[in-house]
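Have a look at the structure below before the remarks.
Nothing here was measured: the structure is a model prediction, and the numbers come from that model. Worth knowing before you read on, the calculation uses all heavy atoms, side chains too, and leaves out hydrogens, waters and symmetry mates. Letters A, B, ... mirror the listed sequences (proteins, then strands); counts begin at 1.
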Amino acid sequence: MKANYLDELNERQREAVAHINGPLMIVAGAGSGKTKVLTTRIAHLMRNGVDAFNILSLTFTNKAAREMKERVEKILGGTEARNLYIGTFHSVFARLLRAEAHRLGYPNDFTIYDSDDAKSVLKTIINEQNLDDKHYKPNLVYNRISAAKNSLMGPEEYQHDYAVQQEDMRANRPLTGKLYDMYAKRCFKNGAMDFDDLLFKMYVLLKSFPEVLHKYQHKFKYIMIDEYQDTNPAQYEIIKLLGAAHENICVVGDDAQSIYSFRGATIQNILQFEKDYEDAKVVKLEQNYRSTKSILNVANEVIANNKGQIEKNLWTDNGDGEKIKLVRTMTDNEEGKFVAETIAEQKLRNHYSNRDFAILYRTNAQSRAFEENLRRKAIPYRIFGGMSFYQRKEIKDFVAYLRVVTNPQEEESLKRIINYPVRGIGKTTMDKIAVLANDHNLTFWQVLERAAEFGFKSGTLEAIENFVMMIRSFQAMLGKHDAYEIAFQVGKSTGIVKELFNDKTTEGLARYENIQELLNSIKEFTETPTEDGELVLQEKSLGSYLQQITLLTDADKGGDEDSDVVKLMTIHAAKGLEFPVVFSVGLEENLFPSSLSINSREELEEERRLFYVVITRAKSRLWLTYANSRYRFGQLVNNESSRFLEEMPEKYIDRSYAGGGAVRSSLNTGNGLWGNSGGSNMFDRMQKKAPGQPQPQAGPRPMPKQAPAPNAASTHVPSAGFAPDDPATMEAGMEVEHQKFGFGTILNMEGAPNNRIATVNFPKGGGEKKIMLNYARLMIVKK
DNA sequence: ATCATGAGCATTTTT
DNA sequence: TGCTCATGAT
């Protein structure tokens, strides 16, 4: 262990680290060295005789957990750090529940449902109840159930809680409570827990089994919680229970960065800490090591508009740095173009690498314009978030097999795979099975196992029996083989891998690669040495693998972690990260703040905290951009600039960039604030336009893509003797015919030789289109 | 039973 | 706009 680890801390940080026993709250401003303090404190505890096995550290994301583990290891050296219990709430509780679930009547190999799985179960139930899923939208019902669980409210209480019932009545969904009840029962029957159950059931477990509570209280003598401002009531109560015996609870958080109330987090938890633990020590970390003065001052001034903050004064020794640049563009696409160009320019001017840049937005849907423009300028990038690897169809299908193997009572997965690949067990048969299962009070799997008793047609019966036999053969491997061996066998015996391999379309190829990647990740899982303490069962089993992956997000799928790429992500996903140069984009009313969050002070303040978070991600340079108009659901809409822009102190803002940026208040003060008066006229003109009218386009770009005349694409009749030509023989400039789009000219060719992509202009077929030649066939008309 | 087509809907944010 | 789901044709 490094001897001088305390010397590397400032006074406040040292104070926090040195506090060993009793409750401690660390109010850690943005960039104040929070992770350093947490990790050093763990090391310090161990140095002072605390056994690593007795330390529990809970984080919010897997990434944070991993980072913490690594940093503690670095401080300590050796392997002791491996005995620490560090993980997210969800993953740690999943692991504990895996050891204890039988007490609650769940199989220890219970399945974890992600939100898609959960909604799918709900949808089934809603339809079974003959309710209209347009009105009882699975999404909405799921959110209600989720909120209930996060405040530890079970189906019984839910249905008897007057206020809750009133809300459901008002929303005209009085049966929500009933659905909650049925959903909970169905999950139980399936041996499955959703994300919220991992917290809820953990609480129930500790509350109902004093001996279990005692066991873990004794085990986790020291508890640390990161991002405490984002905990919800369920997490709060669990911590309270676990920590009650020793009260060695250390929470770290920043009320100014609480941005997860939509998920049930309550800022009250952090504001209340001192009341909950009267002898709590409070340490404030107020020195920021990350950002320039300009950036930090802007952030401070913005967040001062929120009420009820924990008082703190974040300051920095860093230099003033450049002013924050405010940029207005006409359209979302120009916003993308501006950002891409600025990145290219900054790379040259200030010798930045791609990895130094982050583009941060409010919603995932905003990423497209940046992707396109970065690609155009050949700047490598990576998008974090969005559709997760594990949400892809082929992955879910494959994982469904693995789930059925470990937990055959789980119906969602069973339904998913029973006829994939096609084996003649279609809808009719499934309906019949559902009825049988219901009538005889059996699970689907039990019906399948006893199919012979129920008079299926002989062909169907044979298909079912083969299926059952196959699954059983996998199950027979469970005790003797690790996750990879079983998964490999599944891929082989079911024919999935072969089927995807034989699919030579682009999508088929991608799917095949994804499955290979999944198999690789399973292999990697089985080959990574075990690093955990006593509680672990069979760490390399298929069951424990499945337990993990549902809790992984795209961002956790490491690998090219430090590759040199520009990073694109939502502001939420960027919390806890820092970048030399940040582009905070889409700063418009209705987008940021979101139109859904401007109806109450609380919601608006959360949006403002989000703005605070994005500003404080930046180390040295910060661009704030917004567009006058952008496409939303295919509609061009005009937006005013974000109200938050008006809350920033003028002296740190540079409005001259890119032809000047405008803020609403500038409109009132007339002209002259902008470096470029042409921009102002343009802006005025835009504002005066009646909504819905076509907007003039600025710049050299052509008018927005003309919508093709209705049916233009479908009226083309292929010439007699239409025969596709070999893609390899095609070149730009040729005239070609497409069966649907008609005649056109190839403008450009790109892509690998075996996967060429042509940009073709079809005058009568909807204009420019990108055509993947491997499957859209073209005939050469003229070379 | 599978595919193609079109209607309708969606956007907050994520473990 | 682009995706998902339901529907209907083959």
Between [options], which nucleotide gets closest to the side-chain atoms of [X]?
X        : options                : answer
A:His572 : B:dT11, B:dT15, B:dT13 : B:dT13
A:Thr363 : B:dT14, B:dT15, B:dT13 : B:dT13
A:Ala365 : B:dT11, B:dT15, C:dG2  : B:dT11
A:Phe195 : B:dT14, B:dT15, B:dT2  : B:dT15
A:Lys137 : B:dT11, B:dT15, B:dA10 : B:dA10

Upstream residue (5' side of DNA chain B) when A:Ser91 and A:Leu591 are each assigned their closest nucleotide: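 With A:Ser91 and A:Leu591 compared, the 5'-side residue is A:Leu591.
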Nearest-nucleotide comparison on DNA chain B, the residue closer to the 5′ end among A:Thr88 and A:Thr428: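 With A:Thr88 and A:Thr428 compared, the 5'-side residue is A:Thr428.
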Centroid separation A:Phe583 to A:Phe370 less than 6.0 Å: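 No, ring centres 6.0 Å or more apart.
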Nearest whole Å is fine: how far is [N] [atom2] from [X] [atom1]?
X        : N      : atom1 : atom2 : value
A:Lys427 : B:dA1  : NZ    : C1'   : 12 Å
A:Phe611 : B:dT13 : CZ    : C1'   : 17 Å
A:Phe633 : C:dT1  : CZ    : P     : 15 Å
A:Asn364 : B:dT11 : CG    : P     : 11 Å
A:Gln366 : C:dT1  : CD    : C1'   : 15 Å
A:Tyr142 : B:dT15 : OH    : P     : 12 Å
A:Asn143 : B:dT14 : CG    : P     : 14 Å
A:Lys393 : C:dC5  : NZ    : C1'   : 12 Å

With the threshold set at 4.0 Å, does a side-chain nitrogen-carboxylate oxygen contact exist between [X] and [Y]?
X        : Y        : value
A:Lys396 : A:Asp117 : yes
A:Glu605 : A:Arg601 : yes
A:Glu227 : A:Lys34  : yes
A:Asp431 : A:Lys427 : yes
A:Lys149 : A:Asp194 : yes

C1'-based separation of C:dA6 from B:dT11 [nearest Å]: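 Comparing C1' positions in B:dT11 and C:dA6 gives a spacing of 23 Å.
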Exercise: identify the closest heavy-atom pair between A:Leu414 and A:Leu448: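 Residues A:Leu414 and A:Leu448, closest heavy atoms: CD2-CD1, 4.0 Å.
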Pick out the pairs of N or O atoms, protein on one side and nucleotides 6-10 of chain C on the other, that lie under 3.5 Å.
unit_1 : atom_1 : unit_2   : atom_2 : d
C:dA6  : OP1    : A:Lys123 : NZ     : 3.2

Sugar-phosphate, base or nothing in reach of A:Phe60, heavy atoms under 4.0 Å: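 Contact class for A:Phe60: sugar-phosphate only.
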Sugar-phosphate only, base, or nothing, as touched by A:Tyr260 at under 4.0 Å among non-hydrogen atoms: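 Sugar-phosphate contact only.
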Under 4.0 angstrom between A:Thr570 side-chain N/O and B:dT14 OP1 or OP2: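 The answer is yes; a side-chain N or O of A:Thr570 sits under 4.0 Å from OP1 or OP2.
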Results of side chain to side chain donor-acceptor pair (under 3.5 Å) for A:Ser115 - residues two or more places apart only: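 Here no residue qualifies.
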A:Phe262 over B:dT13, stacked by centroid distance under 5.5 Å, angle under 30°: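 So yes, this residue stacks on that base, both cut-offs being met.
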